[in-house]
Amino acid sequence: IGYFIQHSANRRTQTALAAIGDVQVALMQGNTSSAATKAQTIIRDYSGENIAGRALVTLANIYFDQGRYDEATAHYRQFLGVIDDPRGPEGFGANAGIAAAMEAQGNLAGAAHEYASYADRFAQTPFAPLALKEAGRCYLAAGDLDQAKQTYLRIRGEYRASPSSRIAQT
């Protein structure tokens, strides 16, 4: 019985990986409509599994590229709600996607706040100084020079060894 259970699980995993591969192929071929439909199917069929998370991010990225920022943000947030560790690169990427969607919609202060909020929540990650650098950039673009200066000073004070610190000094 154990063999059949293992075999069935392996087959399901292989099917899921093939499905996400089909999404990537459709994207490489420029067929975003097909890629989005396939990603939605994976999200539905593999709900609660890691592969569904990959499909959520892929679908969010498709929506972002299409200028469908509210839908992209909703999918990034949904992804953040299901991943095991939002401190890692996938979590940072989803948070950055949310901030970038705000920025694309002209909400520079909101984008800056989103980046800074990530850095506040996950200050010990290697992504925190990068998030702060992006926050500072958004504050500058929004014309909030005082907040930008404070953000860059924070990078220099808390993350001296990071590449973002060198950028913050300029």
Side-chain angles (χ1 to χ4, degrees), residues 19-20 23-24 26-28 30 32-155 158-159 162-165 167-168:
I20 202 74
V23 172
Q24 297 302 320
L27 285 173
M28 285 188 267
T32 55
S33 176
S34 175
T37 300
K38 291 174 184 199
Q40 290 166 340
T41 300
I42 294 167
I43 292 165
R44 183 192 66 235
D45 291 351
Y46 297 93
S47 178
E49 298 179 42
N50 287 340
I51 200 76
R54 288 180 62 188
L56 275 168
V57 169
T58 301
L59 188 57
N61 290 338
I62 290 168
Y63 288 153
F64 184 93
D65 290 343
Q66 293 175 338
R68 296 165 62 180
Y69 302 117
D70 291 336
E71 291 166 281
T73 297
H75 282 80
Y76 288 131
R77 290 194 192 284
Q78 186 178 354
F79 173 72
L80 288 169
V82 300
I83 61 172
D84 294 330
D85 185 6
R87 298 170 301 164
E90 297 87 4
F92 175 70
N95 277 283
I98 293 166
M102 290 177 170
E103 190 174 354
Q105 292 175 304
N107 184 359
L108 297 170
H113 176 75
E114 188 69 32
Y115 283 121
S117 176
Y118 175 89
D120 291 341
R121 288 189 322 270
F122 305 114
Q124 301 305 311
T125 69
F127 306 105
L130 179 58
L132 287 172
K133 179 183 72 78
E134 291 301 310
R137 181 185 58 75
C138 289
Y139 285 129
L140 276 176
D144 190 343
L145 301 181
D146 290 335
Q147 192 61 48
K149 180 179 178 180
Q150 291 304 312
T151 302
Y152 290 135
L153 288 173
R154 179 177 170 193
I155 295 168
E158 295 178 26
Y159 303 100
S162 78
S164 295
S165 179
I167 292 168

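The analysis underlying the following values was restricted to heavy atoms, covering all of them including side chains, and did not include hydrogens, waters or symmetry mates. Source: prediction; values computed, not measured.
Atom-to-atom distance recorded for L132:CG and L153:CG is 11.5 Å, nearest 0.5 angstrom. To the nearest 0.5 Å, atoms CD1 (I43) and NE2 (H75) are separated by 5.0 Å. A distance of 11.0 Å separates CD1 of I42 from OG1 of T37, quoted to the nearest 0.5 Å. In this structure, OG on S33 lies 8.0 Å from CD on Q66, to the nearest 0.5 angstrom.
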Compile the donor-acceptor pairs under 3.5 Å between side chains in residues 47-55 and protein atoms, sequence neighbours left out, one pair per line.
residue: E49; atom: OE2; partner: R12; partner atom: NE; Å: 3.1
residue: E49; atom: OE2; partner: R12; partner atom: NH2; Å: 2.7

Pair up each side-chain donor or acceptor in residues 83-90 with any protein partner under 3.5 Å, not counting sequence neighbours, and list the distances.
residue: D85; atom: OD1; partner: R87; partner atom: N; Å: 3.1
residue: D85; atom: OD1; partner: R87; partner atom: NE; Å: 2.8
residue: D85; atom: OD1; partner: R87; partner atom: NH2; Å: 3.4
residue: D85; atom: OD2; partner: R87; partner atom: NH2; Å: 3.2

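Not a single donor-acceptor pair under 3.5 Å links the side chain of Y115 to the backbone N or O of G136.
Applying the side chain to side chain contact (heavy atoms under 4.5 Å, CB included) test to A142 and every residue at least two apart in sequence or in another chain returns L108. A35 meets the side chain to side chain contact (heavy atoms under 4.5 Å, CB included) test with V23, A26, L27, I62; sequence neighbours excluded. Applying the salt bridge (charged side-chain N to carboxylate O under 4.0 Å, His left out) criterion to R68, with sequence neighbours excluded, gives E71. With sequence neighbours left out, the side chain to side chain contact (heavy atoms under 4.5 Å, CB included) criterion links R77 to T73, I98, M102, E114. Listed by chain and number, the residues in a salt bridge (charged side-chain N to carboxylate O under 4.0 Å, His left out) with D146 amount to none (sequence neighbours excluded). With sequence neighbours excluded, no residue satisfies salt bridge (charged side-chain N to carboxylate O under 4.0 Å, His left out) with D65.
No side-chain heavy atom of N107 sits less than 4.5 Å from a side-chain heavy atom of Y69.
For residues 37-46, there are no salt bridge (charged side-chain N to carboxylate O under 4.0 Å, His left out) pairs, not counting sequence neighbours. Residue pairs meeting the salt bridge (charged side-chain N to carboxylate O under 4.0 Å, His left out) criterion with at least one member in residues 96-106, sequence neighbours excluded: E103-R137. Sorted by first and then second residue, the ring pair (Phe, Tyr, Trp, His ring centres under 6.0 Å) pairs with a member in residues 85-112 read F92-Y118, F92-F127; sequence neighbours excluded. Among pairs with a residue in residues 34-57, none fulfils ring pair (Phe, Tyr, Trp, His ring centres under 6.0 Å), at least two apart in sequence or across chains.
Of all heavy-atom pairs spanning F64 and A100, the tightest one is CE1-C, 3.6 Å. The two atoms that bring A112 and C138 nearest to each other are CB-CB, 3.6 Å, heavy atoms only. Between Y139 and A116 the shortest heavy-atom distance is OH-CB, 4.4 Å. The nearest pair of heavy atoms linking T151 to A135 is CG2-CB, 4.2 Å.
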Between Y76 and N95, does a side-chain hydrogen bond (donor to acceptor under 3.5 Å, both in side chains) hold up when you go through it step by step? CA-CA 7 Å; Y76 288 131; N95 277 283; over 6 Å; no
